Trainee: 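Handing you this structure, nothing more for now.
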Amino acid sequence: MSGAIEFARASCWYGPVIALNDVSATIGPGVTGLLGPNGAGKSTFLKLAAGQLKPSQGEVTVLGAPAWGAPEVFHRVGLCPEPDAFWDGLSGWQFVTFLLRLSGFDDAEVKRRAEAALAEVDLLAAKDRRIGGYSKGMRQRVKLAQAIAHDPQVLLLDEPLTGMDPVNRHRVVELVKRLGREGRTIVMSSHVLYEVEAMTRNVLLVHQGRILAEGDVREIRDLLDEHPHAASVRARDPRRVARAVLDLPEVVSVEFGEGGESVVVRTTRPDAFYTALTEVAEEAGVHEVFSPDEDLESVFKYLLARRGGAR
Amino acid sequence: MSAEAKPLPPPVPFLRAAKAVFDLSLEEMVWSRKSLVMAGLLLLPVALALLFRLVADLKHAPAGIDLYGLVVAMYYLRNALPLASLFFATALIADEVEGRTITYLLSRPVSRASILCGKFAAYVVTGLTLTLPGIVASFFLLVPIRGFAGLAAFVPDLLRDLGVAALALCAYGALFALLGVLLKRPTIPGLVFLIGWESLANLPGWLPRYTVTAWVRSLVRHRPVDEGLAELFQTTLPTGEAIAVLVAITILGLAGAYGIFSRKQFVLDQ
Amino acid sequence: MPIYDQRYRRYEARNPLRELRFWPITREALKLVIARRAFLMLLLVAWVPFIARTIQVYVVTRFPEAGRVLPVDGRLFGEFLSGQLGFALLVSVFGGAGLIANDLRTGAILVYLSRPLTRVDYILGKLCALLSLNLFVTLAPALMLWIVAVSLAPEQFATLKLLWLPPAIVLHALVIGLAMGLMALAVSSLSKSARVAGLAFAGLFIGLEIARGVLRGMFRTPETGLVSLQGNLHALGNALFGIQHRFFNQPWPLAALALLVMAALSLWVLRARVRAVEVVQ
């Protein structure tokens, strides 16, 4: 299979620290989520794909050309970097138009594309304000605008949703999904599972500099579903909650929390549990429900444990 | 859709890319607080000359051309210009790395040479914009302190000084641009170079030839008396050789800076 | 089995900490600066003149005729301290430029000022760090040189006539450290980049000195030296150690006043710039 982005046994060291370790991956059209906890190597993966770093070993190619040392590839690659960094003295309009000029467009084309890109991210009204005065969400969006303005075939997005409010988050998610449907190759990194799920089913799981798994995000969900799901319920009468869920065959354990004010339920079928919980919620005075293991770190711990067990 | 279906177009032409970088860098340099500081440093002699015209007893003052010579040779060429170059030229790439904006420049279809040259051109223009008016204003404020008669005779000196200032700005700029891409913290080595190494220009023998300031100083005709050791050992080097050396320093400095910049990976602080 | 009180307990700072609230800031700033190997090298190199002067004192005590070329008396210490000004500049640029600029860039200033610390504590903490570094390259080698001189030639240096030397050394080193420290901190607070702040401070220090040279050429009066920080420090040192100098000969009370004005200006800048919140227009 030939993809727009190819990693062939690529490794990257920062001095003595290995950031990416012997990674091979092929990424084709559509949206691919790069999922991993902080420090897993996601940003290094994207920097290698964007030609910002040279692989210490192996090869990284984008659109058939080596990513490092081939500036021509950026005619077709857009990068939305993670750092919240700008030339703060510039307005949003100056920022996007300058970068478009660097992509080689003439003045009329620069104007047309800048307007279209800023409209896509809903920043046209604020285009003449200095970026230094933008909110965090606006800064994220103007970064995205410069990445898409030259209509790239490959789009690399490093944690693009950070700091966005729900409305703009939804807008950006829809935009990325649409760009993916148009046949572009989009790689989006995140450490938040539901952010990636909202955009794509196709994920690459990165952990400690290696690709841990790749495929459909639903498969990960299924794996998680096999793993007993923990839910902590705080209620006025936690024993009432315990009585209501204890009869469910999928509940594997019930444990009372410190002080007897909460109950932790482990179940292999979270959906059945939450249905039962809804029925008893009012009567038991449920005021807080959260899952202590829904963070990505626990997903990785679980997958690593499975891999260890499979050996 | 096949990834390799369409061949990639070549990078954006050098001059076009350099012009775009130049425009941005000029905007950044001209309106920065840094430039305000440098404007203060480079235009200070104008304020001092004005003060002198207003306050001093001009009848008993030294000859105007000597005072102007002091400003050009001691203030601009020996101190302020090298310092301004250190300030601006070490920052050409370092500012982008520190501000983490280098990623935007390096993810466009432009060569690294065009980025460096665009930035260097912006530095030269900013430096000249701040320096040349200062020299011209100092000339017209100081030389005719006892009247305008004979002023025309010194105009060739002024033109020569402007040329030397431009050449010095380029040579020091290229050298410090190299230092800026070579070292993560170029300030102290740069200052040590200016305060320490450049003092070799005041020693006898061949030592002045190893400094930039001796070549620059050889190109101007003014010889200020208050230069300490320079009175004892001041060396004047041949004009043609001096111009050739300064041009060579500029070219080699820029080539070296490009050689390092083109291979450098920038691992930005998170 | 004893059952301990598990409730939240307020941290009661020990007495010294309450009184010296700035001390943790000083300690951290020093730790960060000294962790850089290049800076340690600079601190070591700054002691090279001490070795040279020690050799000078030794040679003159062994061969008194050498004293005609390299005289050894109270002025030696003034000249030594003036010579160390260059190192004080480098130390202030290297160690001081980032002290506030880096906090402004990373937002750490907000973290500092959200503790039970006032702006005065913050500035004092940073100033003490820079002052310590400056004293390490001025006061420490100068006092050490005096001890060496007294040990090598007690009949010459351990006399009532030269009893003023140690206090003069301490006073001059403190004036150098405070003046350089305050100005370096003020410039550091004007930028978010340690590099820019360092260059700006060096530019100011050198720029004022060359302005002095130009003004002297124009007006030919010693008072022109008052515009230069370096010139005023030299003038004060010359007065303290009884040195006659060709250039730095402005009246010492005026030099002291000029230094006070410079320090007041630096404090004014620091007062305006050290804030937890920055408003972007």
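Note that the coordinates shown come from a computational prediction; the quantities given were computed from them, not determined experimentally. Below, chains carry the letters A, B, ... as their sequence lines are ordered, and counting in each starts from 1.
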Trainee: For B:Leu44, is it the side chain, the backbone, both or neither that has a heavy atom under 4.5 Å from a heavy atom of chain C?
Mentor: side chain
Trainee: Apply side-chain contact (heavy atoms from CB on, under 4.5 Å) to C:Leu90 and C:Phe94, showing your working.
Mentor: CA-CA 6 Å; C:Leu90 293 180; C:Phe94 205 153; 5.9 Å; no
Trainee: Need one label for C:Leu204: side chain, backbone, both or neither, based on atoms under 4.5 Å from any heavy atom in chain B.
Mentor: neither
Trainee: Here's a test for you: under side-chain hydrogen bond (donor to acceptor under 3.5 Å, both in side chains), which of C:Gln250, C:Arg212, C:His234, C:Glu209 qualifies with C:Ser228?
Mentor: C:Glu209
Trainee: Any idea how C:Phe50 and C:Trp47 line up, ring-wise: parallel (<30°), tilted (30 to 60°), or perpendicular (>60°)?
Mentor: perpendicular
Trainee: Look at the aromatic rings of B:Phe88 and B:Tyr123 and report parallel, tilted or perpendicular, splitting at 30° and 60°.
Mentor: tilted
Trainee: Which atom names give the shortest non-hydrogen contact between C:Pro49 and C:Gln84, and what distance separates them?
Mentor: CG-OE1, 3.3 Å
Trainee: Return yes if some donor-acceptor pair links the side-chain N/O of C:Ser188 with the main-chain N/O of C:Ile100 below 3.5 Å, else return no.
Mentor: yes
Trainee: Do the side chain of C:Asn238 and the main chain of C:Ile243 share a donor and acceptor less than 3.5 angstrom apart?
Mentor: no
Trainee: Would you find more than 12 non-hydrogen atoms of other residues, nucleotides or ligands less than 6.0 Å from C:Arg36 atom CZ?
Mentor: yes
Trainee: Given B:Leu141, which partner from the list B:Val136, B:Leu50, B:Leu48 fulfils the side-chain contact (heavy atoms from CB on, under 4.5 Å) test?
Mentor: B:Leu50
Trainee: Out of B:Val37, B:Asp95, B:Leu142, which one racks up the most heavy-atom pairs below 4.5 Å with chain C?
Mentor: B:Asp95
Trainee: Any side-chain donor-acceptor pair under 3.5 Å between C:Tyr122 and C:Asp103?
Mentor: yes
Trainee: Pick whichever of B:Thr90, B:Leu83, B:Ile188 has the most heavy-atom pairs under 4.5 Å with chain C.
Mentor: B:Ile188
Trainee: Name the member of B:Val71, B:Leu191, B:Val192 that forms the most heavy-atom pairs with chain C at distances under 4.5 Å.
Mentor: B:Leu191
Trainee: Determine which residues belonging to residues 170-180 of chain B lie within contact range of chain C, meaning some heavy atom pair is under 4.5 Å apart, and list them by number or answer 'none'.
Mentor: none
Trainee: So what's closer than 4.5 Å to chain C heavy atoms on B:Leu194: side chain, backbone, both or neither?
Mentor: neither
Trainee: Which residue out of B:Ala91, B:Pro45, B:Gly196, B:Gly99 racks up the most heavy-atom pairs below 4.5 Å with chain C?
Mentor: B:Ala91
Trainee: Of the backbone (N, CA, C, O) and the side chain (C-beta and beyond), which part of C:Ile206 lies under 4.5 Å from a heavy atom of chain B, both, or neither?
Mentor: side chain
Trainee: Is B:Ala94 close to chain C through its backbone or its side chain, or both, or neither, when contacts mean heavy atoms under 4.5 Å?
Mentor: both
